[in-house]
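Computed from a predicted model, the values in this text were never measured in an experiment.
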Amino acid sequence: MHPVFLVFAVCAFASGFALRTIDPLIVPIAQRFVVAPATAALLSTAYALPYALAQPFLGPLGDRFGKIRCMRVCIAALTVTLTLGVFAPSFEILMGSRIASGIFAGGLIPLVLAGLGDSFELGERQVMIGRMLFAIITGQMLGSAVAGFANDAFGWRSALGAAALVGLVAATLTWTVGPRGSAPPAHAHASILVLYRRVFENPKAIWLYAAVILEGALVFGLFPFVGQLLIERTGSSLADAPRQAGLVLGAFGIGGLAYALAVRRVIGLLGVRRMCIVGSLAAGGSYAALATFGLWWLDALAMAVAGLSYYMLHNSLQTEATEVAPSARGSAVALFACGFFVGQATGPLLFGVLLHGVGFPAALVASFIGLVLLGQLVVRKVIA
């Protein structure tokens, strides 16, 4: 494995792992600190919101001071803040550690993608970004799974300790593998405003960022309502719905892993433009099919197809983000990542309005129509 790719992969894995570690720990943390579960659930927001908001600032820092250098600082700081969470004596300190962790984690994956843009020519870049998705998705899936098992065996602090240990391994590799130093970037003295001005000099930029916001909203708007979908459409019981919803959502990640493993073959078979059209059609069709299925495992199969198809589209947008402004690549990718999180944040709100207004079948068909139109937007305005 190329040393630089290894550095990128371990940072992406550690960021994804830390992102999902807290999800299975809400109830035991609420019990330990005697707070309501809804209050403890804010720990997820405390990580995700700073993660999103920090990216437009950390991306330009990578452009100014060097991406590898900034990644080394971020992964080391992430390890420290995760460790503080392990020993937090109060809920307030734990909350503060999660906020700090989110800030530093937000500087990793966007700089990873921008670094891949610097390291690989465009023809090979989409394949390498697709392979990097394997590290990101695996980190996210293992973060939840390991946290659940660790909590059952040793308590919730051990689960946070596992995330800190992953961060320590990643920090050690990042500081010892790869280039030890580099000349300052040519745009080392450019301000944030100058760097973002370079991004929007490309007329594709506005369409690219609009597309990724729409993509995040259309694809992830359904996710918080999967349990309700299973109860209403497949007859799952209140006791079984959480477990089955976890398996259905996990199938989406498995579809993403399948794409990451087959990315070169998929691109070779379809080409980028056709892949975007097929991906949007198949992802939308999978969501529409959820309105007709009466068994939860059929929903899981549909979500696996949706995951595979979604990453066909998302991987193409990621690659475009690394090329929209080569002289401000860190800034361009950071803004892309921020837009993606904005879409994920607004999607459930919009889907919830549709759901309560017209019901699941119509809301899922609306998602299908939106994804089909998104595919057309991408191939006409972004990939063209």
Side-chain angles (χ1 to χ4, degrees), residues 19-20 22-24 26-27 30 36-53 140 144 209-253 255 280 283-294 296 298-300 302-303 305-307 309-310 313-314 337-375 377:
L19 175 66
R20 295 303 178 197
I22 205 71
D23 294 344
I26 298 303
V27 172
T39 301
L42 293 176
L43 291 169
S44 295
T45 303
Y47 186 99
L49 187 59
Y51 185 104
L53 296 179
Q140 292 175 351
S144 294
Y209 297 127
V212 76
I213 291 172
L214 289 172
E215 179 198 52
L218 289 167
V219 173
F220 294 96
L222 166 69
F223 277 38
F225 303 99
V226 166
Q228 183 180 345
L229 172 72
L230 295 178
I231 292 171
E232 292 188 15
R233 306 297 299 178
T234 69
S236 296
S237 68
L238 288 173
D240 291 337
R243 172 177 53 83
Q244 292 172 353
L247 293 172
V248 170
L249 291 173
F252 186 91
S280 62
S286 298
Y287 277 19
L290 295 174
T292 65
F293 290 157
W296 73 265
L298 288 177
D299 286 355
M303 288 298 283
V305 174
S309 308
Y310 157 71
L313 180 64
H314 187 63
C338 183
F340 181 53
F341 273 85
V342 168
Q344 289 193 59
T346 57
L349 299 176
L350 297 174
F351 191 89
V353 170
L354 275 175
L355 173 60
H356 294 300
V358 296
F360 268 115
L364 291 167
V365 170
S367 298
F368 164 66
I369 294 171
L371 283 166
V372 172
L373 294 176
L374 175 62
L377 170 68

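- Residue A302 comes nearest to S286 through the heavy atom pair O-CB, 3.4 Å, listed as atom of the first residue, atom of the second, then distance.
- One N or O on the side chain of S367 and one on the backbone of A363 form a donor-acceptor pair closer than 3.5 Å.
- Looking at every heavy atom in both residues, A306 comes nearest to Y287 through CB-CE1, 3.8 Å.
- Here the closest heavy-atom approach between residue I26 and residue A40 is recorded as CD1-O, 3.4 Å.
- When all heavy atoms of Y310 and A283 are compared, the pair lying nearest together is N-CB, 4.2 Å.
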Hey, can you pull the donor-acceptor pairs under 3.5 Å for the side chains in residues 213-234, sequence neighbours left out?
| unit_1 | atom_1 | unit_2 | atom_2 | d |
| --- | --- | --- | --- | --- |
| E215 | OE1 | H314 | ND1 | 2.8 |
| E215 | OE2 | H314 | N | 3.4 |
| E215 | OE2 | H314 | ND1 | 3.4 |
| Q228 | NE2 | E232 | OE2 | 2.9 |
| R233 | NH2 | A291 | O | 2.5 |
| T234 | OG1 | L230 | O | 2.6 |
| T234 | OG1 | S236 | OG | 3.1 |

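- The two residues I22 and S44 come nearest to each other via the heavy atoms CG2-OG, 3.3 Å.
- The shortest distance between side-chain heavy atoms of W296 and L247 falls below 4.5 Å.
- Scanning all heavy atoms of the two residues, the minimum distance from A300 to A251 falls at O-CB, 3.2 Å.
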